[in-house]
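First up is the structure itself, then whatever we jot down about it.
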Amino acid sequence: RTFSTSGTNWVRISGTVSSTPGVKFVISSDSATTSTTPVKVDGLWFTSEATGTLSGNSTVTAATDGLDNAVNNVDRTHFYSANGRYLFFTTNSAVTPDDTNNGPDSYRKDLSTGAVVRVTTDSVGTQYATSGQVMQATSSSADGNVVAFQTTATTGAPLAYRHLFIKNISTGTVTRVSNGTSSTAPDAASWTPMISPDGTKVAFDSVATNLVTGDTNANQDVFVYTIAGGTTTRVSTVNSTNAQATGGGSYLPQWVDNNTVAFASAATNLVSGDTNGVYDVFTKNLSTGATTRVSVSSAGAQANGTGVRAFNVSRDGSTIVFDTDATSLDGAPTTAGTRQLYARDLSGNTTRRFTNTASSFDLLSPTFNSSGALNSDGSVFLAVTTASLDPADTNANYDVYAFDIASGSSRLISTTATGSVVAADASGAVFGPDDEYVTFGSNGSMVSGATSTLFRKYLSSGVTPTSFSRL
């Protein structure tokens, strides 16, 4: 089959479509065009590379409107639906004609059709008054039909603090997740609503005291809202007894599987033997009530130092990566006091340090995206750092690196199609569906005509370092 890309240039598909990860098709070109930049035709991406792959150093703009024009001023928090069809992103730019509120909104981009819809509207499609307010989508159901968002905006006067909602995009129904008991308004702020893989529950953190009865610890806690019944349960609780946490707050919930929530906490009574007085990473089994501390050494020793700042869970739930300046987990790093990255294998209960740089990795920095930085099987992690780990990295800015957890080797990701860096910070790196590309934000122009937006770097096997399975 042939397609016309501009009236004169033609691209012809030949050969058999391959199911090999990263390989899209084999093509030839009847035109004189030899550019390796992918071209989108009829909703599909094509290149004139001899291999016919969207890989190597191909860099394209990811956040685009319905006509594939670049959308600028995009927030660092973006994510893909688990089925790989949709990209969700937040921007201050008006992407659709009905966006006239002069504030942030979140959009869903259909990667199959190119269609873009604004998802942060009320049940009848009325826009929120988001100018000067918070509005940010944070997660979606696997099929991309239900989206969770946090906001201080309404269609009228702003809220006093952040509330959390889910929206069914097909029906338009909007439901508040951060409900007080008896469906009353919460009495304080909530953050980071994360929808479970099966779409039945939403985990979030909050300092509200009226979401469940008996919340008297005056700390930030982690909760799970069950969508079908509209019930809320506090999960940052003590192992076996479910008593409330004391000694410190809990935050940043992420799903390990449909029945297990991971979160960070400075509480000292969630498990026995927690005497370090700093933030650790825990998992909570919703069926058994078991709470487990996972930011420990392979032998079970707790972390010393100043504690964990943030973490990330792989899509298959096998691995948790976290940052810490501890020296008690897997040997001391060469540069004392630096925060390095560790991977916890949840099935084998082993912990490995896979970075050892002169600069620290701070996963809670403004460049971090709380989901998607680990690939599907937990073998590769995307870190945003100012450390220069590649000769081409000469900009002294935040750049995206991919780390092979088994070997510790790294590859610079946030480059242009020619392999060069730009003098601007990269942020929020996440793996795309099937790990075939990485999407990240940048304040610079990685592609001509696009700045302060999301960019997509296509990956391939067989490039240095060769130990990477998908990079």
Side-chain angles (χ1 to χ4, degrees), residues 22 35-38 47 49 53-64 70-78 89 323 335 338-341 354-363 365-369 372-373 375 380-404 407-432 435-468 470-471:
S35 172
T36 59
T37 301
T47 75
E49 297 177 77
T53 64
L54 292 177
S55 58
N57 285 325
S58 298
T59 305
V60 299
T61 306
T64 55
V71 175
N72 295 327
N73 303 311
V74 176
D75 184 273
R76 65 181 172 84
T77 301
H78 54 278
F89 62 90
D323 68 334
T335 304
T338 57
R339 304 186 70 81
Q340 302 298 325
L341 301 179
F354 62 92
T355 64
N356 188 17
T357 62
S359 300
S360 289
F361 293 90
D362 184 359
L363 294 189
S365 73
T367 64
F368 178 61
N369 199 331
N375 69 335
V380 181
F381 183 73
L382 300 172
V384 182
T385 178
T386 56
S388 180
L389 307 178
D390 186 285
D393 186 355
T394 58
N395 60 6
N397 292 98
Y398 281 104
D399 288 295
V400 180
Y401 282 85
F403 286 88
D404 180 74
S407 67
S409 53
S410 63
R411 175 186 167 186
L412 177 62
I413 298 296
S414 52
T415 61
T416 66
T418 60
S420 61
V421 295
V422 297
D425 287 336
S427 64
V430 300
F431 277 100
D435 304 333
E436 66 179 349
Y437 50 75
V438 170
T439 302
F440 61 92
S442 177
N443 293 327
S445 181
M446 309 294 295
V447 176
S448 178
T451 58
S452 299
T453 187
L454 303 181
F455 298 94
R456 184 177 300 144
K457 169 70 73 172
Y458 286 90
L459 309 172
S460 66
S461 60
V463 297
T464 303
T466 56
S467 59
F468 286 26
R470 294 290 182 96
L471 301 183

### Message
To the closest 0.5 Å, what do you measure between CZ (Phe455) and CE (Met446)?
### Response
6.5 Å
### From Arg456 atom CZ to Thr439 atom OG1, the distance as rounded to the nearest 0.5 Å
5.0 Å
### Query
Is there a donor-acceptor contact under 3.5 Å linking the side chains of Ser407 and Ser409?
yes
### Task
Assess the side chains of Ser414 and Lys457: does a donor N or O sit below 3.5 Å from an acceptor N or O?
no
### Query
Parallel under 30°, tilted from 30 to 60°, perpendicular over 60°: which one fits the rings of Phe361 and Phe403?
perpendicular
Please give me the minimum heavy-atom distance between [X] and [Y], naming the atom from each residue.
X: Ala358; Y: Thr338; result: O-CG2, 3.5 Å
X: Gln340; Y: Thr357; result: NE2-O, 3.0 Å
X: Ser445; Y: Val422; result: O-CG1, 3.9 Å
X: Asn356; Y: Thr335; result: OD1-N, 4.5 Å
X: Ala424; Y: Gly444; result: CB-N, 3.3 Å
X: Leu412; Y: Asp399; result: CD1-CB, 3.9 Å

### Query
After noting the C-alpha distance and the side-chain angles of Phe440 and Leu454, does the key distance pass the side chain to side chain contact (heavy atoms under 4.5 Å, CB included) rule?
CA-CA 5 Å; Phe440 61 92; Leu454 303 181; over 6 Å; no
### Task
Could you list the residues that satisfy ring pair (Phe, Tyr, Trp, His ring centres under 6.0 Å) with Tyr401, not counting sequence neighbours?
none
### Message
If the test is side chain to side chain contact (heavy atoms under 4.5 Å, CB included), which one of Leu389, Asn395, Asn397 qualifies with Asp393?
### Response
Asn395
### Message
Just checking Phe381 against Phe431, ring centres under 6.0 Å apart?
### Response
no
